[in-house]
Chemist: 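Take this structure first; my questions come after.
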Amino acid sequence: MSRPAPRIVMKFGGTSVADLDRIRAVAEKVRKQVEAGCEVAVVVSAMSGVTNQLVGYCQSLSPLHDAREYDAVVATGEQVTSGLLAIALQTIGIDARSWLGWQIPLRTDAAHGKARIASIDGETLAARMRAGQVPVIAGFQGIAADGRVTTLGRGGSDTSAVAIAAAIGADRCDIYTDVDGIYTTDPRIVARARKLDKITYEEMLELASVGAKVLQTRSVELAMKERVRVQVLSSFVDGPAPSEGNLPGSLVVDEDEIVEKELVAGIAYSRDEAKLSVRRIPDRPGIAAAIFGPLTAAHVNVDMIVQSTGADGLTNMTFTTSKSDLARAIQSLESSRDVIQYGELVTDDDVVKISVVGIGMRSHAGVANLMFRTLSDRNINIQVISTSEIKVSVLIAAEYTELAVRALHTAYGLDAA
Ligand code: ADP
Ligand code: ASP
Ligand code: MG
């Protein structure tokens, strides 16, 4: 019996489908992969800039808009590109059909704006693929149990792609984007960033969660859990369709597949940070719960936290949230002011979080200290610090982003030769 055809998911991000010429170029890439004898499913993002525009429309009408209607609006970007790419494929003789989240169906929970995938019916897609058709799936979107459209959070098409790959038992999920792989840091801000042939799921997960937006965090989480092989590669480079013997991008793999383990895999930054300081609060048991309880109830995600040493029975609590949660955090703190009894609330969203990530940190001391020394040598003040088993993060003033990332990249020996 002949071996089954390799099954590949090809995901194309916003810049890869930015206009009709790009969509034609993507159709050519898909054609090559089909002609190489593969069964192919495609997942697309909205054209670049479209999702931002749609989000902007919602925000302009009402900053605290209904999340169900937000999803109804922002999910449309992907509907357009899935239809257009299906047409482009049909035009060059490839049998293709567009699929929206609800048509698959890709079922999610009801957390509108950041829904999590609950289940996917992969069988219908797989049957079409066996019959030689290419499904062109609108990424980013799904359907909740009540039938309403949901979206998976910014960058969520990566997660759609990995989830589809798991559901149809794909051999590989290729994430096509505007850089040719995963680098030691964002190649757009550090020219000497080095491309990694391979990176572990764990390191990629940590890098994504602290801001390396090349892959959405949940996509990496899911790939790790479902053992999906993920490759990140460029849609802007011409070449033969990738095959197991010829993978031009970066692969996300298990730790034991990496021969040369480095102390630090990469450096990430996140500008989506806001700092809140609740000052002159009573230094008493229960004060943290009094602050963070209402924030949790208001669905504010808190990240780094420091409580400074108290004096005269008073203390300060400083913490960070995403910029988009700042307004809700302020609202929550102001409405619980009588309970917390703080003197002053000070906020600052002109900050950036810089993180150094590497599984080598588990067995080597001094990684954090090198970070602190490097920043202090540049006179960059650290406002908040947090650490995990394989990561150290610091919050600094946003104006030092590039300087700090470049200096750290050099200090950890990551610069390309
Ligand atoms: P897409 O629209 O294809 O989903 P994204 O903009 O979401 O693309 O992600 C690709 C971008 O991620 C790159 O243009 C790059 O600037 C950025 N990036 C951040 N960190 C890294 C990294 N470590 N390696 C590669 N790219 C990175
Ligand atoms: N278009 C959506 C966004 O910009 C999803 C994605 O591109 O992955 O967040
Ligand atoms: Mg993306």
Side-chain angles (χ1 to χ4, degrees), residues 10-18 22 26 43-56 70-71 73-82 101 113-115 137-142 150-164 173-199 203-220 230-236 249-252 264-272 324 354-358 401-402 405 408-409 414 416:
M10 303 173 78
K11 180 259 171 179
F12 296 92
T15 43
S16 304
V17 292
R22 292 295 318 148
V26 162
V43 174
V44 286
S45 291
M47 291 172 158
S48 76
V50 167
T51 308
N52 284 346
Q53 187 182 42
L54 295 169
V55 171
Y70 166 93
D71 277 348
V73 174
V74 301
T76 59
E78 274 72 10
Q79 173 162 354
V80 172
T81 40
S82 62
K114 48 180 175 225
I137 297 152
F140 187 46
Q141 50 168 270
T150 53
T151 63
L152 309 179
R154 298 307 305 271
S157 298
D158 297 332
T159 304
S160 309
V162 171
I164 297 282
C173 181
D174 282 346
I175 307 277
Y176 285 85
T177 183
D178 55 0
V179 286
D180 62 357
I182 299 164
Y183 281 72
T184 46
T185 192
D186 188 345
R188 293 192 194 285
I189 73 161
V190 178
R192 282 151 82 184
R194 191 155 42 82
K195 185 176 147 194
L196 300 164
D197 291 333
K198 291 180 177 172
I199 184 168
E203 286 166 321
M204 191 59 236
L205 180 61
E206 198 83 40
L207 279 171
S209 75
V210 292
K213 68 167 185 164
V214 62
L215 288 174
Q216 197 202 33
T217 308
R218 279 185 189 165
S219 73
V220 188
V230 172
Q231 177 186 208
V232 173
L233 69 172
S234 171
S235 72
F236 291 77
S250 301
L251 266 189
V252 190
V264 162
I267 299 172
Y269 62 93
S270 164
R271 298 186 200 270
D272 184 21
S324 57
I354 313 268
S355 307
V356 171
V357 171
T401 310
E402 280 85 358
V405 176
L408 292 168
H409 198 265
L414 297 175

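Numbering of ligands and ligand atoms starts at 1, following listing order. Side-chain atoms are counted along with the backbone in the values below, which use heavy atoms only and exclude waters and symmetry mates. Counting from 1, the numbers follow the sequence of the chain as shown.
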Chemist: Under a heavy-atom criterion of less than 4.0 Å, does P187 contact ligand 1?
Modeler: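 In this structure, P187 qualifies as a contact of ligand 1 - some heavy atom is under 4.0 Å.
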Chemist: Kindly say whether L152 contributes a backbone atom to a donor-acceptor pair with the side chain of Q216 at under 3.5 angstrom?
Modeler: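 Yes, Q216 side chain to L152 backbone: donor-acceptor pair under 3.5 Å.
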Chemist: Using only atom types and a distance under 3.5 Å, with no angle test, would you say the side chain of T159 pairs donor to acceptor with the backbone of S219?
Modeler: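 It does hold such a pair.
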Chemist: Is there a side-chain contact between L215 and V162 in this structure, where contact means two heavy atoms from C-beta onward sitting under 4.5 Å apart?
Modeler: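 No, side chains not in contact.
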Chemist: G14 versus ligand 1: do any nitrogen or oxygen atoms come within less than 3.5 Å of each other?
Modeler: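 For ligand 1, there is an N or O atom that lies under 3.5 Å from one belonging to G14.
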Chemist: Check each heavy atom of T185 against ligand 1 and say whether those closer than 4.0 Å belong to the side chain, the backbone, both or neither.
Modeler: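 The backbone, only.
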Chemist: Say whether, by atom type as modelled, one donor and one acceptor occur between the side chain of S250 and the main chain of L196 under 3.5 angstrom.
Modeler: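 Side chain of S250 to backbone of L196, a donor-acceptor pair under 3.5 Å: yes, one is there.
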Chemist: Provide, to 0.1 Å, the distance between atom 17 (C) of ligand 1 and the closest protein heavy atom, together with that atom's residue and name.
Modeler: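 It is D186 OD1, 3.8 Å.
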Chemist: Quick one: does D174's side chain have a donor or acceptor within less than 3.5 Å of a partner on M10's backbone?
Modeler: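 No; judged by distance alone, with no hydrogens or angles, the pair does not exist.
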Chemist: For the side chain of R194 and the backbone of T184, is there at least one donor-acceptor N/O pair under 3.5 Å apart?
Modeler: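 No, because the side chain of R194 does not come within donor-acceptor range (under 3.5 Å) of the backbone of T184.
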Chemist: Measure from the side-chain N and O atoms of T81 to the backbone N and O of S45, and report whether any donor-acceptor pair falls under 3.5 Å.
Modeler: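 Pair found, side chain donor or acceptor close to backbone of S45.
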Chemist: Do side-chain atoms of E206 reach the backbone of V357 as a donor and acceptor pair under 3.5 angstrom?
Modeler: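 A pair under 3.5 Å: no.
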Chemist: Quick one: does G211 get within less than 4.0 Å of ligand 1, heavy atoms only?
Modeler: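 Heavy atoms of G211 never come under 4.0 Å of ligand 1.
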Chemist: What protein heavy atom lies closest to atom 27 (C) of ligand 1? Include the residue and the distance to one decimal.
Modeler: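 Nearest protein contact, heavy atoms only, for atom 27 (C) of ligand 1 is V214 CB, 3.7 Å.
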Chemist: Can you sort out which atoms of ligand 1 are near D178, meaning under 4.0 Å from one of its heavy atoms?
Modeler: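 Those of ligand 1 that fall under 4.0 Å from D178 are 10 (C), 11 (C), 13 (C), 14 (O).
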Chemist: Taking both backbone and side-chain atoms of K11, is any N or O found less than 3.5 Å from an N or O belonging to ligand 2?
Modeler: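 Between K11 and ligand 2 (N or O atoms, distance only) the closest approach is not under 3.5 Å.
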Chemist: Which atoms from ligand 1 have a heavy atom of K11 less than 4.0 Å away?
Modeler: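 Contacts of ligand 1 toward K11, numbered from 1: 4 (O).
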Chemist: Please determine if G155 has a nitrogen or oxygen closer than 3.5 Å to a nitrogen or oxygen of ligand 2.
Modeler: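 So ligand 2 has an N or O lying under 3.5 Å from an N or O of G155.
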Chemist: Heavy atom to atom 5 (P) of ligand 1, shortest distance: which of Q216, K213, R188 holds it?
Modeler: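 Result: the heavy atom closest to atom 5 (P) of ligand 1 is in K213.
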Chemist: Heavy-atom distances under 4.0 Å are what count here, so tell me which part of Q216 touches ligand 2: side chain, backbone, both or neither.
Modeler: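 Q216 to ligand 2: no contact under 4.0 Å from either part.
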Chemist: Can any side-chain N or O of T177 pair as donor or acceptor with the backbone N or O of G13 at less than 3.5 Å?
Modeler: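 Looks like no, no N/O pair under 3.5 Å.
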Chemist: In ligand 1, which numbered atoms sit nearer than 4.0 Å to a non-hydrogen atom of Y183?
Modeler: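 Answer for ligand 1: 22 (C), 23 (N), 24 (N), 25 (C).
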Chemist: In the protein, which heavy atom is nearest to atom 3 (C) of ligand 2, and how far is it?
Modeler: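 Going by distance alone, atom 3 (C) of ligand 2 is nearest to R154 NE, 3.3 Å.
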Chemist: Give the numbers and elements of all ligand 1 atoms closer than 4.0 Å to a heavy atom of I182.
Modeler: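 Answer for ligand 1: 24 (N).
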Chemist: Counting each atom of ligand 2 from 1 as listed, which ones have a heavy atom of S45 under 4.0 Å away?
Modeler: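 Near S45, meaning under 4.0 Å from one of its heavy atoms, ligand 2 has 6 (C), 7 (O), 8 (O).
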Chemist: Just checking, is any N or O donor in the side chain of T150 or D71 under 3.5 Å from an acceptor N or O on the other one?
Modeler: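 Not at all, the side chains of T150 and D71 share no donor-acceptor pair under 3.5 Å.
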Chemist: Give a yes/no verdict on a cation-pi contact between R188 and Y183, requiring under 6.0 Å between NZ or CZ and the six-membered ring centre and an angle within 45° of the axis.
Modeler: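 The answer is no; the distance or angle limit is not met.
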Chemist: Applying a heavy-atom cut-off of 4.0 Å, say which part of V179 lies close to ligand 1: side chain, backbone, both or neither.
Modeler: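 Looking at V179 and ligand 1, just side chain atoms fall under 4.0 Å.
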Chemist: Determine, using heavy atoms of G77 and all atoms of ligand 2, whether some pair is separated by less than 4.0 Å.
Modeler: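 It does not, in that no heavy atom of G77 comes within the 4.0 Å cut-off of ligand 2.
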Chemist: I'd like to know if the side chain of R22 and the backbone of S235 have a donor-acceptor N/O pair within less than 3.5 Å.
Modeler: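 The answer is yes, because a donor-acceptor pair under 3.5 Å joins these two groups.
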Chemist: Just need the protein heavy atom nearest to atom 8 (O) of ligand 1, so name the residue and atom and give the distance.
Modeler: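 Nearest protein contact, heavy atoms only, for atom 8 (O) of ligand 1 is T177 OG1, 3.1 Å.
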